[in-house]
Structures are given as C-alpha cells and as structure tokens.
Amino acid sequence: MSPPNRGAFIAIEGLDRSGKSTQAARLLSRLQSDSAHAQSSDPSAVLIKFPDRTTAIGKTIDGYLRSETELDDHAIHLLFSANRWELAPIIQAHLTAGTTVLADRYAFSGIAFSAQKTPPLRYEWCRAPDVGLPAPDLTLFLNVEPEVAMLRGGYGEERYETREVQRKVREVFERIGREMNEGESGKWVVVDAGQDRDKVAQDIWEAVEPVLNCVDSPVTGLWEI
C-alpha cells in the first residue's frame with residue numbers, strides 16, 4: 001500500500017482520569033516504534049496536549065483550572081479555544097509533512113465542559129469559536145463511570161473533578177458523538193476505559209490502525225459546511 005498523502009489526525013477525549021494521557025502516550029510509543037522498525041527518517045507521530053499550559057494563554061488557563069483565579073465562563077471558554085487556535089498551524093504543518101498527530105483533548109472538551117455549567121452556556125455558542133480548526137480523522141472517547149474515575153490517583157485536584165460535573169460533561173460528550181457520526185467531521189468511536197489498560201490499548205489500536213493508511217484527502221475544517 002502506498003504511503004498516505006498526509007498524516008492522520010487522532011483526538012483522544014474522555015472524562016477526567018479516564019486514562020487519556022496514559023493511552024495517548026502508549027499509542028504514541030507504538031506509532032514511533034513501528035516507524036523505527038520501518039527505518040523511517042521522518043517523525044511518525046507527535047502528541048499535543050490541550051490545554052497547552054506553556055503559552056501565555058495556557059498559563060492563564062492553568063491558574064483557572066487550579067482554582068487560583070476566577071474568570072467569567074464566557075471568557076475562559078474563549079481562552080480555551082484561543083489556545084487551540086495557537087497550535088492549529090503546528091497541527092496543520094505536521095499533517096502536511098506526513099506526521100500523525102495525537103491530541104490529548106480537543107475542541108470537544110471545550111464544548112462539553114462549558115455547556116454543562118450552571119447556568120449552561122448555549123451549546124451552539126460553545127461550538128462556534130472552534131469552527132474551522134483542523135478536523136480529526138478519528139476521535140476516540142474513553143468512556144468511564146465517574147465513580148470509577150474518582151478512585152484513580154489525583155482525582156479532585158482540579159476545578160471540574162467532581163462526580164456531578166463529570167456526569168453532566170459525559171451527557172454533552174454523548175450528544176457531540178452522535179452529531180459527529182451523523183455528519184462529515186470525522187469518525188467518533190467510544191472505548192470502554194474501565195477495562196484493563198492493555199485491553200483499552202488494544203481496542204484503541206484496532207480503531208486507529210485502519211485510519212493510518214487511508215488518509216488520502218486534504219485536512220478539513222471542523223464543522224465547516
């Protein structure tokens with residue numbers, strides 16, 4: 001099979017402590033290992049985490065998530081979106097160069113966490129700032145019961161890590177998933193993240209592998225008509 005014209009863009013979403021970062025790191029390692037065996041001189045895959053807390057905008061977000069500062073709900077939502085737009089040219093450049101991009105959280109988290117607030121921000125308003133971002137070819141949603149996530153290390157250290165918030169966030173994610181699979185903005189796959197880590201990793205690979213060698217179209221804009 002001939003190599004893809006560009007890299008694949010894969011987003012990994014889920015509730016807090018669902019294992020996203022662990023599984024993203026494992027997937028990155030597997031992709032890079034396969035590339036090494038193929039003796040490729042080009043980077044096979046890169047991992048980008050959102051929010052990127054190293055930028056000026058990201059540092060403001062970090063303080064908010066740690067409950068060190070307070071911001072209007074609309075303002076913090078737009079900052080999260082701006083943080084993604086900061087890295088959009090980097091994502092595009094990697095994909096064009098044939099590098100697979102893994103995103104640990106993406107625009108879908110921005111919608112889910114803002115739309116669940118009380119009073120909630122309107123769903124359509126939450127989505128609007130991210131229209132046109134590079135669209136993932138595949139989004140993996142790591143599904144786990146909030147009660148299971150609560151038992152994992154570090155739970156409760158940040159603002160949104162409560163059972164009630166996580167339940168409402170999952171409801172919004174479910175709506176996003178339905179809409180993604182009904183439209184043309186990429187495939188959404190739900191993975192049972194309550195399983196053994198190795199089984200989760202295998203389920204992820206089974207969803208990812210078919211996408212890697214089938215990227216033969218230009219990068220599209222998220223939710224663009």
Side-chain angles (χ1 to χ4, degrees), residues 4 7-34 44-51 84 91 95 99-113 115-116 127 130 133-155 158 160-163 165-215 222-223:
F9 184 18
I10 300 165
I12 302 177
E13 289 281 13
L15 302 184
D16 291 336
R17 310 297 169 179
S18 60
K20 295 181 313 305
S21 296
T22 297
Q23 293 298 335
R26 291 184 65 157
L27 179 56
L28 178 68
S29 178
R30 181 163 189 172
L31 290 169
Q32 292 176 337
S33 176
D34 286 353
S44 58
V46 296
L47 173 62
I48 297 176
K49 297 184 178 184
F50 288 105
R84 290 185 283 273
I91 293 173
L95 296 175
T99 301
T100 293
V101 176
L102 308 180
D104 181 349
R105 290 206 182 282
Y106 198 49
F108 316 112
S109 280
I111 299 171
F113 281 89
Q116 64 78 32
R127 196 178 76 164
D130 291 318
L133 281 172
D137 300 293
L138 171 68
T139 300
L140 301 163
F141 179 70
L142 273 57
N143 190 33
V144 65
E145 291 293 333
E147 291 80 6
V148 173
M150 290 174 65
L151 300 177
R152 297 179 174 177
Y155 191 91
E158 294 196 333
Y160 296 127
E161 291 179 351
T162 69
R163 179 166 52 187
V165 167
Q166 297 295 311
R167 283 196 173 281
K168 291 192 290 183
V169 165
R170 187 166 67 171
E171 291 176 0
V172 183
F173 269 129
E174 288 172 350
R175 173 178 176 178
I176 296 170
R178 289 193 300 270
E179 293 179 357
M180 291 289 288
N181 282 333
E182 290 169 358
E184 299 180 355
S185 293
K187 186 178 181 182
W188 182 283
V189 173
V190 178
V191 177
D192 180 0
Q195 305 175 97
D196 173 85
R197 287 182 180 181
D198 290 341
K199 182 61 170 66
V200 175
Q202 183 57 34
D203 287 352
I204 287 174
W205 182 250
E206 289 175 1
V208 167
E209 189 175 21
V211 176
L212 298 176
N213 295 319
C214 297
V215 182
L222 194 57
W223 295 308

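Computed from a prediction, not measured in an experiment: that's the story for all the values here.
Of the inter-residue distances, the one linking Leu15 atom CG with Leu142 atom CG reads 9.5 Å to the nearest 0.5 angstrom. One finds the OG1 atom of Thr162 at 11.0 Å from the CZ atom of Arg167 (value rounded to the nearest 0.5 Å). Note: Thr100 OG1 to Leu27 CG = 8.5 Å, rounded to the nearest 0.5 Å. The distance from atom OG1 of Thr139 to atom CZ of Phe9, rounded to the nearest 0.5 Å, is 8.0 Å. The CH2 atom of Trp188 sits 9.0 Å away from atom CG of Asn181, with the distance rounded to the nearest 0.5 Å. To the nearest 0.5 Å, the span separating CG on Leu138 from CG on Leu102 amounts to 10.0 Å.
Taking the charged nitrogens against the carboxylate oxygens, Arg175 and Glu179 do have a contact shorter than 4.0 Å, which makes a salt bridge.
Lys20 and Asp16 get closest at one heavy-atom pair: NZ-CA, 4.5 Å. Contact between Ala107 and Leu133 at its shortest, heavy atoms only, is CB-CD1, 4.3 Å. Heavy atoms only, all atoms of each residue included: Ala112 and Ile176 are closest at N-CD1, 4.4 Å. Residue Val215 comes nearest to Ala8 through the heavy atom pair CG2-CB, 3.7 Å, listed as atom of the first residue, atom of the second, then distance.
Under a 3.5 Å cut-off, the side chain of Arg105 and the backbone N or O of Gly14 do form a donor-acceptor pair. Using a distance-only test at 3.5 Å, with no hydrogens or angles considered, a donor-acceptor pair links the side chain of Gln23 to the main chain of Arg197. Using a distance-only test at 3.5 Å, with no hydrogens or angles considered, no donor-acceptor pair links the side chain of Ser18 to the main chain of Val144. Counting only distance, with no hydrogens or angles, the side chain of Gln166 and the backbone of Arg163 share no donor-acceptor pair below 3.5 Å.
Under the side chain to side chain contact (heavy atoms under 4.5 Å, CB included) rule, Ile204 has a single partner from Leu140, Ile12, Ile10, which is Leu140.
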Determine, step by step, whether Gln202 and Asp196 satisfy the side chain to side chain contact (heavy atoms under 4.5 Å, CB included) criterion, reporting the C-alpha distance in whole Å, the side-chain angles of both residues, the deciding distance to 0.1 Å, and the verdict.
CA-CA 10 Å; Gln202 183 57 34; Asp196 173 85; over 6 Å; no
Residue pair Gln195, Asp203: steps toward the side chain to side chain contact (heavy atoms under 4.5 Å, CB included) verdict
CA-CA 10 Å; Gln195 305 175 97; Asp203 287 352; 3.0 Å; yes
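Within the 4.5 Å cutoff, side-chain heavy atoms of Leu212 are placed close to those of Leu31.
Between Phe173 and Phe108, the distance separating the two ring centers is not shorter than 6.0 angstrom.
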